[in-house]
Asks: 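Got a structure for you, questions after.
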Amino acid sequence: HDLSDDSDYAFQLSSSVDSGEMSGFVVYSKDNVAIHPTQMATERISGRLRLVKQGSLVFLTWIPYKGRSSNPSTLAKDRNLYTIKDVPLSDIRSVRRHTPPFGWQYIIIVLSSGLAYPPLYFYNGGVREFLATLKQHVLIVRSADDANVFLVNNFQDPLQRSLSYLDLPGALGIANGASQNLTNSVSSLDSRRPDDTSYDEGSSSLDYTGRHKHRVHDPAHDISLQVLEKFSLLTRFARETTSQIFRESNGFNAYERKQKKDSVQMEIVSPNDTKATPEEKLENSDTLKSDELNLVWGKPRQRPLGVEEWEAFLDSEGRIVDSKALRKRIFYGGVEHGLRKEIWKFLLGYYAYDSTFAEREYLAAVKKLEYETIKSQWQNISEAQARRFTKFRERRGLIEKDVVRTDRSVSYFDGDDNPHVRRLHDILLTYSFYNFDLGYCQGMSDFLSPILFVMEDESESFWCFVALMERLGPNFNRDQNGMHSQLFALSKLVELLDQPLHNYLRQKDCLNYFFCFRWILIQFKREFEYEKIMHLWEVLWTYYLSEHFHLYMCVAILKKYRQRIVGEQMDFDTLLKFINELSGHINLDDIIRDAEALCNCAGEQGAACIPPGTPPSMPLEDYSQ
């Protein structure tokens, strides 16, 4: 929901809001401040936040542009229910702010009674201006236990007053003499840390200037922590709300962060603990231990797309009704193996999404004849010709060497004189005649193997491989421009999404990212089991979030193991060895979710990091034509 898309926004902005607000001198006004009554993104209610001065008093108001309901009979009820109207600043006792690094700022206001309003999200920024305006009209004191909590109107003993309003047992008896812990007034709001980082629960050992404070045991400290627990209930709701908004929108740049005491870098963390998978237990038991904190904002993985659900995407003539919805569904769940033979042809561009059953049947017949024609070109080369055809002999020899060592651990290609290995050979040699400029390069057999395993048909496997090479062919160019552009894009994404790791790699002269070369060249083929790589590829082929989603996966893996990389001061050789040893020890579902989070958080900035034309790019024309 974007306010600019609201059809009656302009009218409401000019009339509806003003009609509900008190008269007086407006000292602060901010549009597009929203609440979320539930954790659903569609439940966002935007409005205008104002501070209005009337005589010697200042009042806070927040009035929505419109309620949740589009029904006029219930709209007024919604507006009254979710309106904050004429609240004197003297009734406010605490304000908590939170500023995620890429997301929306929000504040929580607690009244003298101990009640609190829902979190107010500042979608256009403005929290600092709001607090600065408050400072001009009331006394504000920053809490020593949480630099994001500001205590309001504590003229005598800030801690004692704050505790008494929250009805905490024993507060009054302990609070006396503890007020020295609540120094640092809001007059120092402008003295922010140079890096402009926000403060949250993990930063309690620092004061707001970033200096470490000497902490002594104080019985009032335990009680003051209970104050923060009051805020944590609302903060947890706000975090979960932001998480749900993020998951439903799949495009907002919002995520939470938490700082570890002994680390200065940012981590994106889960509000809930997760159970370790067997793969994670393996990592924790050896040298492949990953960072303790993981990204969690990606949607949970779903079950694979099944036959019944797949048929619902087709009309009576076989056309796919909603290709974007289909790609989204596959992105989050993959495809049952029995359906891959049909669905992969759409994902790879061999079939057009709007083609009918009859058109696809005709295409298959035509393409089969065309394949046999191309194949016959090299089959009819005599030995005398071959002796005079150096390029043919070189490519044939390289293919023969590669196919006999491609996925031989998979039963489909196992054993001597395996006919499927012969098919691999024939398809690759035929492709070298179809695309004579590119020919054959080591690594192409890795792409063809799963395709042949799924299609079980030589002609269909060939044309699906051709379609894939239309996107990934630049990976194998002799000048390696395709690979260099992807490695360059990866370096820029790491700089954007993990500055500490980027700085470390720059210090170690590793910004060429050649240690990720294998990941990108063959799309993680050697990093996962055979079934998992088929699942990963169909996720990548959807191009649902980005055609360069594989680069965000690289960032996610590096981020996951950043603590070990930096902690052990790995140089290029050590890092390359470490990356190669990760093969078989990476949790695919977790990395896809982490990459989704990074992709959404990077947004347009991430897309701008990737030079135009960087592989894999969509084919310039519909290949099926």
Side-chain angles (χ1 to χ4, degrees), residues 5 248-251 299 301-374 427 434 447-448 450-473 523 534-550 592 596 599 615-625:
D5 296 331
E248 291 186 15
S249 64
N250 283 319
K299 282 187 178 180
R301 306 303 296 164
Q302 303 175 13
R303 57 178 175 76
L305 178 72
V307 175
E308 187 174 331
E309 196 174 357
W310 160 243
E311 291 176 348
F313 280 102
L314 304 175
D315 65 14
S316 59
E317 295 185 337
R319 299 181 185 87
I320 293 178
V321 178
D322 189 342
S323 62
K324 184 176 181 180
L326 173 65
R327 291 186 291 109
K328 178 181 179 180
R329 177 65 180 85
I330 295 172
F331 178 86
Y332 285 110
V335 179
E336 287 184 357
H337 184 71
L339 289 174
R340 283 177 173 148
K341 182 173 183 177
E342 186 173 5
I343 294 179
W344 277 20
K345 297 171 189 175
F346 290 97
L347 295 177
L348 289 169
Y350 176 49
Y351 285 165
Y353 285 105
D354 59 354
S355 61
T356 64
F357 291 128
E359 289 170 342
R360 295 196 287 271
E361 184 178 355
Y362 174 76
L363 177 68
V366 171
K367 288 296 183 182
K368 184 174 180 64
L369 291 175
E370 187 177 349
Y371 172 71
E372 294 298 336
T373 300
I374 302 171
I427 293 172
Y434 174 82
F447 282 116
L448 177 58
I451 293 176
L452 179 59
F453 176 78
V454 168
M455 298 300 160
E456 298 183 299
D457 179 89
E458 191 171 323
S459 172
E460 291 182 339
S461 298
F462 172 80
W463 291 114
C464 286
F465 179 72
V466 168
L468 181 61
M469 287 299 103
E470 289 295 306
R471 307 176 188 182
L472 298 180
Q523 303 272 280
M534 290 189 288
H535 173 72
L536 170 60
W537 284 0
E538 62 200 14
V539 167
L540 296 178
W541 294 342
T542 63
Y543 289 0
Y544 174 63
L545 290 180
S546 168
E547 63 179 282
H548 301 103
F549 190 74
H550 65 296
I592 291 176
E596 178 194 353
C599 185
S617 300
M618 292 292 286
L620 296 179
E621 57 186 24
D622 185 355
Y623 175 75
S624 63
Q625 301 301 317

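Note: hydrogens, waters and symmetry copies are ignored here, and every other heavy atom, side chains too, is used.
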Asks: How long is the straight-line distance from CZ of Phe465 back to CD of Glu470, given to the nearest 0.5 Å?
Replies: 11.0 Å
Asks: Going by atom types only, do Glu342 and Tyr351 share a side-chain donor-acceptor pair under 3.5 Å?
Replies: no
Asks: So which heavy atom on Ala364 is nearest to which on Tyr350, and how close?
Replies: CA-OH, 3.9 Å
Asks: Taking the cut-offs as 6.0 angstrom to the six-membered ring centre and 45 degrees off its axis, would you call Arg329 and Phe313 a cation-pi pair?
Replies: no
Asks: NZ/Lys367 to SG/Cys464 distance, rounded to the nearest 0.5 angstrom?
Replies: 11.0 Å
Asks: Do other residues, nucleotides or ligands put more than 12 heavy atoms under 6.0 Å from Phe357 CZ?
Replies: yes
Asks: How long is the gap from CZ on Arg327 to CG on Leu545, to the nearest 0.5 Å?
Replies: 10.0 Å
Asks: My understanding is that only residues two or more places apart in sequence, or in another chain, count here; which of them pass salt bridge (charged side-chain N to carboxylate O under 4.0 Å, His left out) with Glu361?
Replies: none
Asks: One thing to verify: whether Glu456 and Lys341 come together as a salt bridge, which I'm taking to mean a side-chain N less than 4.0 angstrom from a carboxylate O.
Replies: no
Asks: Stepwise, does the side chain to side chain contact (heavy atoms under 4.5 Å, CB included) test hold for Ile427 with Tyr371?
Replies: CA-CA 9 Å; Ile427 293 172; Tyr371 172 71; 3.8 Å; yes
Asks: Give the minimum heavy-atom separation between Val321 and Leu314, together with the two atoms involved.
Replies: CG2-C, 4.1 Å
Asks: I want to check something: taking the side chain as every heavy atom from C-beta on, are Arg319 and Tyr353 in contact at a cut-off of under 4.5 Å?
Replies: no
Asks: What pair of heavy atoms forms the shortest contact from Leu305 to Leu339, and how long is it?
Replies: O-CD1, 3.6 Å
Asks: Under 4.5 Å between any side-chain heavy atoms of Tyr434 and Met469, yes or no?
Replies: no
Asks: Which residues pass the side chain to side chain donor-acceptor pair (under 3.5 Å) test with Ser355, sequence neighbours left out?
Replies: Arg360
Asks: Report yes if the side chains of Ile320 and Asp354 come closer than 4.5 Å at any heavy-atom pair, otherwise no.
Replies: no
Asks: Looking at Val454, is its backbone amide N or carbonyl O close enough to the side chain of Trp344 to form a donor-acceptor pair, meaning the two atoms are under 3.5 Å apart?
Replies: no
Asks: Do the non-hydrogen side-chain atoms of Pro304 and His337 ever get within less than 4.5 Å of each other?
Replies: no
Asks: Are any non-hydrogen side-chain atoms of Glu458 and Glu372 less than 4.5 angstrom apart?
Replies: no
Asks: Are the side chain of Glu538 and the backbone of Val335 linked by a donor-acceptor contact shorter than 3.5 Å?
Replies: yes
Asks: Is there a side-chain contact between Leu468 and Trp463, using heavy atoms and a 4.5 Å cut-off?
Replies: no
Asks: Using a 3.5 Å distance criterion without hydrogens, assess whether the side chain of Arg471 forms a donor-acceptor pair with backbone atoms of Leu348.
Replies: yes
Asks: Can you tell if the side chain of Glu336 reaches within under 4.5 Å of the side chain of Trp310, non-hydrogen atoms only?
Replies: no
Asks: What distance do Glu309 atom CD and Leu326 atom CG have between them, rounded to the nearest 0.5 Å?
Replies: 9.0 Å
Asks: Look at the side chain of Trp537 and the backbone N and O of Gln523, then say whether any donor-acceptor pair between them is shorter than 3.5 Å.
Replies: yes
Asks: Nearest 0.5 angstrom please: Leu448 CG to Phe462 CZ, how far?
Replies: 10.0 Å
Asks: Less than 4.5 Å apart, any side-chain heavy atom of Phe346 and any of Ser323?
Replies: no
Asks: What distance separates Leu540 CG from Ile330 CD1, expressed to the nearest 0.5 Å?
Replies: 12.5 Å
Asks: Quick one: list whatever passes ring pair (Phe, Tyr, Trp, His ring centres under 6.0 Å) with Phe331, sequence neighbours left out.
Replies: Tyr544, Phe549
